[in-house]
There are 2 protein chains.
Amino acid sequence: MQVTVYSAFNPINFQSLHSRTAMAPSKAKTKNLLMVADSEHDANMLYTVGMFVPDPFIYLRLSGREFIVMSDLEIDRARKQAPRCQVLPLSDYYQNLRSKGKTPDFAGVIQLILRENKTSSVFVPNNFPFGLATQLKNLGISVKPELGNFIPEREIKTADEVRKLTAALRMAEIGMAAGIEALKTSKVGKGNRLLHQNSPLTSEKLRSIIDTAVLQAGGFAANTIVAGGRQGCDPHERGYGPLRANELIILDIFPRAQKTGYFGDITRTVVKGRATEAARKLYDTVYAGQKLAFTLMRANTPTATVHEAVLSLFNKQGYKTGKIDGRMQGFFHGTGHGLGLEIHESPRVGATSTGVLKAGQVITVEPGLYYSEIGGVRIEDVALITTGKSKNLTRFEKVLEV
Amino acid sequence: MQVTVYSAFNPINFQSLHSRTAMAPSKAKTKNLLMVADSEHDANMLYTVGMFVPDPFIYLRLSGREFIVMSDLEIDRARKQAPRCQVLPLSDYYQNLRSKGKTPDFAGVIQLILRENKTSSVFVPNNFPFGLATQLKNLGISVKPELGNFIPEREIKTADEVRKLTAALRMAEIGMAAGIEALKTSKVGKGNRLLHQNSPLTSEKLRSIIDTAVLQAGGFAANTIVAGGRQGCDPHERGYGPLRANELIILDIFPRAQKTGYFGDITRTVVKGRATEAARKLYDTVYAGQKLAFTLMRANTPTATVHEAVLSLFNKQGYKTGKIDGRMQGFFHGTGHGLGLEIHESPRVGATSTGVLKAGQVITVEPGLYYSEIGGVRIEDVALITTGKSKNLTRFEKVLEV
């Protein structure tokens, strides 16, 4: 894949940099903003500009007018795909800097555009690159990190976003269906090891089956978790090696929709064959915790309240959280997290999280319990917060034994 | 997928924070370094720590000793997978901060660890988050952005890295083989539209065929380009809609190996059916440019020299670069880029790139020519730079008509 490089031999005809007019912003936008990032990884950039660009580029919002500065490689596509922004050609600004004997770099370009717009002060996101911020300060520009969410609107999903999130969730469910179908049709071989189409069914193989189904449904599934037995006790362990009958297997699938960039997220815990009594009790407790969370989650409920209620339920049932034999066991992660153009975004629902739930937030609900002696159970659906009962966007059934 | 949240109810037994001893560093490492990033997206972090962690965490190198600060969710895995680093528990530091009435956050944790190690000055990468840098400065810590590459060793690949890159490249080649096979077995329908297994063959469908093959070979292929006809003239256009016989189709596949994180990268341009004379001449010229680049690429050659030679060859053959009818045409991207744990990394090979090639660099060689009237051609292989002739790591054949 190629990157943009300004060509020194490039016979550019200079055009007016401001021949196109941005649409009037839909609401008062007074703060001057600057972002420099690619929009494949940076969700603020993707949300704001609305197109995927693989290399970092400059976005400015000055007195409510939005500008993006694009390389020759992206400029035509940007004019089509980001109609709200004025598209400025990076190569023109580089040429301008060179003609003044200056280094053609992003800091210099930003300085030129700020001067054209008679300002020298911008807010940037917390994750703005420190090296570039330092360069800008050295050029006399005031660069301030925005405390809190840079694009606070992202937290409240529009109807269109809920549709896109739901579509991504369906891709995750398609992956889950493929994974569970493979478990169902597996045979049990020596040492309880599973055999799928006469080959050993490993975590890697089952992940490939799931990820292929997700891909064909239009999603990218990276790092899908297929963790059986003790591996399931380490909640970020992706899982490896042979899968076995009669033990807990965690399947956690969180694909990104290829076209929109929104994420789905689902977890189911299953046993191929028969669950032990301890495993079933663990499963039922986690499921009860999830149901409790759903009943509590609505606008104006403090996020910490939801998490504490689940933790308290687990405690009352005898499932303690803390270090046992030198490793964390019990319920030692959050109850949920916001889902959107990032897999983990604001708000968080956990013991240390602050603030209250708001209508329009889309949040995972995924309590889990992990004990070396039994294995791990996590059950995850996705909730849309409303002023009344929260809506479960996930449809996929919950069945322990498959 | 779950995130880490410290549990307020968590009965942690405090252990000595320094009970484990890091291995002696292999060479003098005197500069104090700080990184805060996740290692799925941040290549410096992955290179240094050697394990995938989906959420941001703290890495410190102080007087040559390496520390990582991990959440309860990751700590057990980290002790196994990052044996070179001392693994410090984030929750202990948070508890410490809380007991002092301070906010438990990364800035506070970093301050505690720097104090324990009797230092207050660190270098950070250029992409270090500006918000956190500002917090650290407010705590009296000197934070300096490292100019240039933060981990300069990354640019020169070890034999092990070349093996991993080659494996990722093979995944890309498997995708290419699947894509070209689908084109070969397609029939030509009305209006030259291609039919694959009696269904219209679109860019989306062919991308899915390619990406599925890559996935099953162990790679993640995101944003594979399948761009036919005029779409191929926009080098970052992924491609959409029906594919047609007798026109140029660009296939650009750049998967990341799931296990190692290294990237492969390959581009072929093909015609299903018969290429026009203009398309064939364009193809032959690009191929000649690529061969010229390969003959020039060796240690100590300036990167710009390679790019200029290719551009000059194209010019001499009558293929000019610049704006035609208001859009960039010709050869308006770089000749290549470093390939490693990032798809685009140092060095760049282009008109504005500086420096000379070095033995051990792994670089794409991907000239291209794009004209609205003809279509786009790009041919991309991967070179390992040596002191002699560079080695082409790509094996896949180059055939225009399929």
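In what follows, every heavy atom counts, from backbone to side chain, and hydrogens, waters and symmetry copies are set aside. Order of the sequence lines fixes the chain letters, A, B, ..., with proteins taken first and strands second; residue numbering starts at 1 for each chain.
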Participant: Who wins among A/A222, A/G218, A/P125, A/A221 for the most heavy-atom pairs under 4.5 Å with chain B?
Facilitator: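 It is A/A222.
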Participant: Is it the side chain or the backbone of A/K144 that comes within 4.5 Å of chain B heavy atoms, both, or neither?
Facilitator: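 For A/K144, the contact with chain B is made by the backbone alone.
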Participant: Select, from B/P56, B/S208, B/P145, the one with the greatest count of heavy-atom pairs under 4.5 Å involving chain A.
Facilitator: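 That would be B/P145.
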Participant: Please look at A/T134 and chain B and tell me whether the side chain, the backbone, both or neither of the residue comes under 4.5 angstrom of a heavy atom of that chain.
Facilitator: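 Contact with chain B involves the side chain of A/T134 alone.
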Participant: Quick check on A/R256 against chain B: is it the side chain, the backbone, both or neither that has a heavy atom closer than 4.5 Å?
Facilitator: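 The answer is neither part of A/R256.
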Participant: Start with the C-alpha distance between A/H41 and B/E40, add both sets of side-chain angles, then the distance that settles side-chain contact (heavy atoms from CB on, under 4.5 Å), and finish with yes or no.
Facilitator: CA-CA 11 Å; A/H41 296 113; B/E40 283 183 4; over 6 Å; no
Participant: For the atom pair NZ (B/K80) and CG (A/D234), what is the distance rounded to the nearest 0.5 Å?
Facilitator: 5.5 Å
Participant: Is it the backbone or the side chain of A/F128 that comes under 4.5 Å from a heavy atom of chain B, or both, or neither?
Facilitator: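 For A/F128, the contact with chain B is made by backbone and side chain together.
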Participant: Using the side-chain contact (heavy atoms from CB on, under 4.5 Å) definition, which of the options A/V124, A/N127, A/N126 pairs with B/F130?
Facilitator: A/V124
Participant: Give, as side chain, backbone, both or neither, the part of A/A304 having an atom under 4.5 angstrom from any heavy atom of chain B.
Facilitator: neither
Participant: Could you tell me which portion of A/D211 (side chain, backbone, both or neither) has an atom closer than 4.5 angstrom to a non-hydrogen atom of chain B?
Facilitator: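 For A/D211, the contact with chain B is made by backbone and side chain together.
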Participant: Of the backbone (N, CA, C, O) and the side chain (C-beta and beyond), which part of A/Q135 lies under 4.5 Å from a heavy atom of chain B, both, or neither?
Facilitator: neither
